[in-house]
Amino acid sequence: MSTSAQSDRFINAFNEIETHLRRRLQVDDGVSFVELVVKSQQARRLSASDVEALRAFAKLRNAIQHSRYYDGKPIAEPVLEIVERIENVRQRIINPPNVYGQFRGQRPIAFRRSAELGDVRKAIREFDYSQFPVYGDDGRYEGMLTTNCIARWLADGLATDGLVESKPISAVMAFAEAHEVGRFVAKTTAVAEAIRRLSPRRDGRLPPVALLVTEAGRTEEKLLAIVVADDLPVLTAALDDT
């Protein structure tokens, strides 16, 4: 029996999503679709809204495939809004948004290790940033300078108010903690992967303070954007329906 065009579109989108998730997780047909969705969520490959939608889509898929037909058409028929919704979800899952696309217009701020702290203070006031990549005078990445690091340096009594402005950044870098690092990622890195990297670890370890976005994720490349934990709402929103 033939099905309607909307049913065909729905089933095609559903099957493409299922095939993609099975390929990504490398699981066979013995794993049910709902289990597949749960595993994908645990791997942080799906947003909460997509998980909820896919569960509902699975019920509708079953109704379409197993319901009785009348005049050549299934009794359970998806409305156009649902068909468009699953096609949007398919697009987002198979071609996920990348991290650079969310911060393309950002102006990343970085410093040479020989720069003075007065320059950092100006950047903090102007842009309200709290972490900055630091490069050597040869252009090599050396680490992250954070406002917490600066505070620990001041608390250690190595400077007075009158001397802070002219102190070089290199004098502060030794006060960075182990987790105060930046991780380089390619601009094509999926948003879901960026969220995973910036989220607290299951083993209790703290995530890096920033993702440093370059063309291919190499340290010697031009810095395109800096993504930090405060940007997680932006990243999460990119995974949800607009």
Side-chain angles (χ1 to χ4, degrees), residues 24-25 39-48 92-93 95-115 117 119-120 123-124 127-153 168-240:
R24 288 294 299 272
L25 294 179
K39 289 179 180 293
S40 297
Q41 183 182 30
Q42 291 172 341
R44 296 183 179 179
R45 299 189 186 277
L46 295 175
S47 69
R92 191 164 55 247
I93 290 176
N95 297 299
N98 63 62
V99 64
Y100 182 54
Q102 312 310 309
F103 301 95
R104 188 181 299 274
Q106 185 197 77
R107 178 187 171 187
I109 305 296
F111 289 100
R112 298 284 185 176
R113 71 190 310 271
S114 57
L117 282 177
D119 298 327
V120 178
I124 293 172
F127 301 102
D128 196 30
Y129 292 167
S130 58
Q131 46 264 319
F132 306 91
V134 176
Y135 292 82
D137 292 332
D138 58 359
R140 292 173 180 254
Y141 171 75
E142 294 196 358
M144 295 294 295
L145 177 69
T146 70
T147 50
N148 286 338
C149 178
I150 295 172
R152 285 191 295 272
W153 174 70
I169 289 174
S170 57
V172 186
M173 295 297 291
F175 287 79
E177 294 188 341
H179 74 281
E180 292 178 327
V181 296
R183 298 300 185 200
F184 282 81
V185 298
K187 70 177 187 180
T188 55
T189 299
V191 164
E193 174 63 12
I195 292 174
R196 184 189 71 79
R197 292 195 179 205
L198 287 173
S199 299
R201 311 287 178 81
R202 291 175 181 171
D203 59 8
R205 290 185 300 160
L206 294 174
V209 296
L211 299 181
L212 307 178
V213 183
T214 65
E215 185 70 27
R218 294 195 288 266
T219 60
E220 68 273 14
E221 295 176 319
K222 178 183 177 181
L223 187 64
L224 301 176
I226 302 172
V227 186
V228 299
D230 284 349
D231 295 318
L232 283 172
V234 174
L235 296 172
T236 301
L239 293 181
D240 293 331

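Here the structure is a predicted model, which means the values were calculated and not measured.
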Subject >> Derivation and outcome, salt bridge (charged side-chain N to carboxylate O under 4.0 Å, His left out), residues Asp203 and Arg201 >> reply: CA-CA 5 Å; Asp203 59 8; Arg201 311 287 178 81; 5.5 Å; no
**OP:** Kindly indicate, with the supporting measurements, whether the criterion side-chain contact (heavy atoms from CB on, under 4.5 Å) is fulfilled by Ile109 and Phe127.
**Re:** CA-CA 9 Å; Ile109 305 296; Phe127 301 102; 3.9 Å; yes
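Separating the CG atom in Leu145 from the CD atom in Gln131 is a distance of 10.0 Å, to the nearest 0.5 Å. We find the OG1-CG distance between Thr219 and Leu212 to be 10.0 Å, quoted to the nearest 0.5 Å. If you take OG on Ser199 and CG on Leu206, they are separated by 12.0 Å, rounding to the nearest 0.5 Å. Between the CD1 atom of Ile169 and the CZ atom of Arg112 there is a distance of 11.0 Å, given to the nearest 0.5 Å. The CZ atom of Arg24 sits 10.5 Å away from the CD1 atom of Ile93 when rounded to the nearest 0.5 Å. We find the CG-CH2 distance between Leu117 and Trp153 to be 5.0 Å, quoted to the nearest 0.5 Å.
Among all heavy-atom pairs drawn from Pro207 and Pro200, the shortest one is CD-CA, 4.1 Å. Closest of all the heavy-atom pairs between Val228 and Leu198 is O-CD1, 3.7 Å. Across all their heavy atoms, Cys149 and Ala176 have their closest contact at SG-N, 3.4 Å.
Side-chain contact between Leu232 and Ile195 is present, with heavy atoms from C-beta onward closer than 4.5 Å. Contact annotation: the side chain of Tyr135 approaches that of Leu223 to within less than 4.5 Å [non-hydrogen atoms, C-beta and beyond]. Residues Gln102 and Pro97 meet the side-chain proximity criterion, which asks for heavy atoms closer than 4.5 Å. The shortest distance between side-chain heavy atoms of Val234 and Phe103 falls below 4.5 Å.
With sequence neighbours excluded, the residues satisfying salt bridge (charged side-chain N to carboxylate O under 4.0 Å, His left out) with Glu193 are Arg196, Arg197. Annotation: side-chain contact (heavy atoms from CB on, under 4.5 Å) contacts of Ala186 (sequence neighbours excluded): Thr188, Thr189. Every side-chain contact (heavy atoms from CB on, under 4.5 Å) that Gln41 has, sequence neighbours left out, goes to Val51. With sequence neighbours left out, the salt bridge (charged side-chain N to carboxylate O under 4.0 Å, His left out) criterion links Asp128 to no other residue. Here Asp137 pairs with nothing under the salt bridge (charged side-chain N to carboxylate O under 4.0 Å, His left out) rule; sequence neighbours left out. For Asn98, the side-chain contact (heavy atoms from CB on, under 4.5 Å) test picks out Tyr100, with sequence neighbours left out. Every side-chain contact (heavy atoms from CB on, under 4.5 Å) that Ala194 has, sequence neighbours left out, goes to Val99, Leu211, Leu235. Shown here are the salt bridge (charged side-chain N to carboxylate O under 4.0 Å, His left out) partners of Arg107, two or more places apart in sequence or in another chain: there are none.
Applying the ring-ring contact (aromatic ring centres under 6.0 Å, His included) definition to pairs two or more places apart or across chains, none involves residues 209-230. Sorted by first and then second residue, the ring-ring contact (aromatic ring centres under 6.0 Å, His included) pairs involving residues 178-201 (not counting sequence neighbours) are Tyr141-Phe184. Residue pairs meeting the salt bridge (Lys or Arg N to Asp or Glu O under 4.0 Å) criterion with at least one member in residues 206-219, sequence neighbours excluded, are Lys187-Glu215, Arg218-Glu220, Arg218-Glu221. For the salt bridge (Lys or Arg N to Asp or Glu O under 4.0 Å) condition, the pairs that include at least one residue of residues 172-183, sequence neighbours left out, are Arg152-Glu177, Arg152-Glu180.
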